[in-house]
There are 2 protein chains.
Amino acid sequence: MNIGQASAASGVSAKMLRYYESIGLLPKAARTEAGYRVYSAKDVNTLRFIRRARDLGLSIERIKLLVGLWKDRERSSADVKRVAQEHVTELDARILELTAMRDTLQELADACHGDHRPECPILRDLEGGAQAAASRADLPNHVGTPMRGAAEQQRRAGA
Amino acid sequence: MNIGQASAASGVSAKMLRYYESIGLLPKAARTEAGYRVYSAKDVNTLRFIRRARDLGLSIERIKLLVGLWKDRERSSADVKRVAQEHVTELDARILELTAMRDTLQELADACHGDHRPECPILRDLEGGAQAAASRADLPNHVGTPMRGAAEQQRRAGA
DNA sequence: GTAGGGTTTCCCATTATGGGAAGGTCAAGG
DNA sequence: CCTTGACCTTCCCATAATGGGAAACCCTAC
């Protein structure tokens with residue numbers, strides 16, 4: 001199997017196949033005399049595994065761990081579960097952040113007339129954070145001023 | 001005001017101040033004879049605006065638009081609202097994706113014993129996507145096989 | 001043998017951010 | 001007046017995962 005065929009069979013682009021090999025997620029593929037990479041059906045299985053793990057949003061680093069556990073007959077399911085659970089925790093955190101942003105922005109947009117006039121609560125809020133935050137302190141589910149920085153810096157660091 | 005003071009007053013790092021200037025989000029700052037950047041209270045206002053917009057997850061490109069509208073006395077609130085609404089739409093899409101991932105992974109983790117034994121539904125699922133997808137077709141809120149690719153590719157393209 | 005399509009490697013770009021080096025500046029204290 | 005430490009400057013590098021594209025090579029069918 002050529003790289004193109006392995007790519008088609010696994011749903012992983014040829015570009016990524018080479019990349020995964022280069023970073024050690026995949027072992028170095030065998031080569032033909034001409035230097036073409038050669039893949040087996042077993043390799044395609046691994047690729048599909050990786051593809052599905054990526055679809056679940058797992059990072060390459062975590063996928064490396066999972067592939068290792070997958071190939072290890074002696075693994076404990078606890079190890080696998082821990083990796084999965086860590087990712088769920090991160091997803092939850094990210095979802096909370098995005099939801100807070102979404103809700104705040106939706107509230108502001110709802111309060112905006114959206115007509116030809118220049119008056120706009122969205123800009124007013126961005127302009128005068130603290131004051132505006134006080135004025136919408138009674139609204140539910142918004143990104144409060146004290147929240148800013150902390151969670152945000154986290155997200156940026158993690159991303 | 002030096003860059004350090006503007007940074008402290010706005011919550012935007014000095015590094016980012018220079019970066020924003022380099023990409024044209026900020027006008028070129030005035031300089032002292034020695035070449036130090038100089039900022040005014042008005043500049044700090046703009047920086048705070050940008051900071052808050054970033055906290056709401058807006059991209060630099062959209063913030064450029066918003067800053068433009070903000071400074072434009074002739075703007076229509078409809079223009080501002082549209083930009084905000086576009087971002088809400090993207091946030092919603094991302095939240096849906098992450099939630100689907102989260103739910104699928106949580107279901108798999110819940111089904112995993114998490115003990116010393118190697119048997120693990122998580123790995124089984126990653127291994128045999130199609131079959132596993134069929135076996136959990138009755139479960140709610142999971143990442144269905146037909147969903148994969150489409151939404152995922154979108155996310156990756158957009159990210 | 002030649003055309004067309006697959007492959008290889010290498011470099012570049014993306015997004016927004018931080019780290020760090022080498023060197024200039026400024027203010028306070030000796 | 002000179003030193004010291006804190007600040008500033010620019011420039012390069014790194015991040016995560018992916019795509020784009022060029023130049024050169026290979027293979028197969030006609």
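For the numbers below, each heavy atom of this structure counts, side chains included, while hydrogens, waters and symmetry mates do not. These numbers were taken from a predicted model, which means no experiment stands behind them. Lettering of chains follows the sequences in order, A, B, ..., and the numbering in each one begins at 1.
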Subject >> Carboxylate-amine/guanidinium contact R52(B) D55(B), below 4.0 Å >> reply: no
**OP:** Would you mind reading off the distance between L17(B) atom CG and dC8(D) atom C1', rounded to a whole angstrom?
**Re:** 13 Å
Original post:
Hey, is R18(A) close enough to E21(A) for a salt bridge, meaning N to O under 4.0 Å?
Top reply: no
Subject >> E90(B) and R102(A) ion-paired at < 4.0 Å >> reply: no
**OP:** Nearest whole angstrom, please: distance from the P of dC7(D) to the CE of M1(B).
**Re:** 15 Å
Subject >> Among dT18(D), dC8(D), dG18(C), the nucleotide that comes nearest once only the side chain of Y36(B) is considered >> reply: dC8(D)
Original post:
Roughly, in whole Å, what's the span from CZ in R18(B) to P in dC12(D)?
Top reply: 15 Å
**OP:** Take the protein atom CD1 of I50(B) and the nucleotide atom C1' of dT17(C), then report the distance between them rounded to whole Å.
**Re:** 15 Å
Subject >> Interatomic distance where OH belongs to Y19(A) and C1' belongs to dT9(C) [whole Å] >> reply: 17 Å
Original post:
Would a 4.5 Å heavy-atom cut-off, applied to side chains only, mark Y39(B) and I3(B) as touching?
Top reply: yes
**OP:** Ignoring backbone atoms, establish whether R51(B) has a side-chain N or O less than 4.0 Å from OP1 or OP2 of dA16(C).
**Re:** no
Original post:
Separation of E33(A) atom CD from dT7(C) atom C1', in whole Å?
Top reply: 16 Å
Original post:
Looking at T32(B), does any N or O in its side chain come under 4.0 Å of the phosphate oxygens OP1/OP2 on dT25(C)?
Top reply: no
Original post:
Going by an N to O cut-off under 4.0 Å, is there a salt bridge joining R124(B) and E127(B)?
Top reply: no
**OP:** Give a yes/no answer on whether the side chain of R37(A) brings an N or O atom under 4.0 Å of OP1 or OP2 in dT9(C).
**Re:** yes
Subject >> Minimum-distance nucleotide (side-chain atoms of I60(B) versus dT9(D), dG6(C), dA16(C)) >> reply: dA16(C)
**OP:** Map G35(B) and M16(A) onto DNA chain D by nearest heavy atom, then report which one ends up closer to the 5' terminus.
**Re:** G35(B)
Original post:
Of the candidate nucleotides dC26(D), dT10(D), dA16(C), which contains the atom at the shortest distance from the side chain of A34(A)?
Top reply: dC26(D)
**OP:** Send over the distance from R31(B) CZ to dC26(C) C1', rounded to a whole Å.
**Re:** 17 Å
**OP:** Round to a whole Å and report the spacing from CG of N2(B) to C1' of dC8(D).
**Re:** 8 Å
**OP:** Report yes if at least one side-chain N or O of R54(B) is closer than 4.0 Å to OP1 or OP2 of dT17(C); otherwise report no.
**Re:** yes
Original post:
Of K15(B) and I3(A), whose nearest nucleotide on DNA chain C comes first from the 5' end?
Top reply: I3(A)
**OP:** Using a cut-off of strictly less than 4.0 Å, decide whether Y20(A) has a side-chain nitrogen or oxygen near OP1 or OP2 of dT18(D).
**Re:** yes
Original post:
Taking only N and O in the side chain of S13(A), is any of them less than 4.0 Å away from OP1 or OP2 of dG19(D)?
Top reply: yes
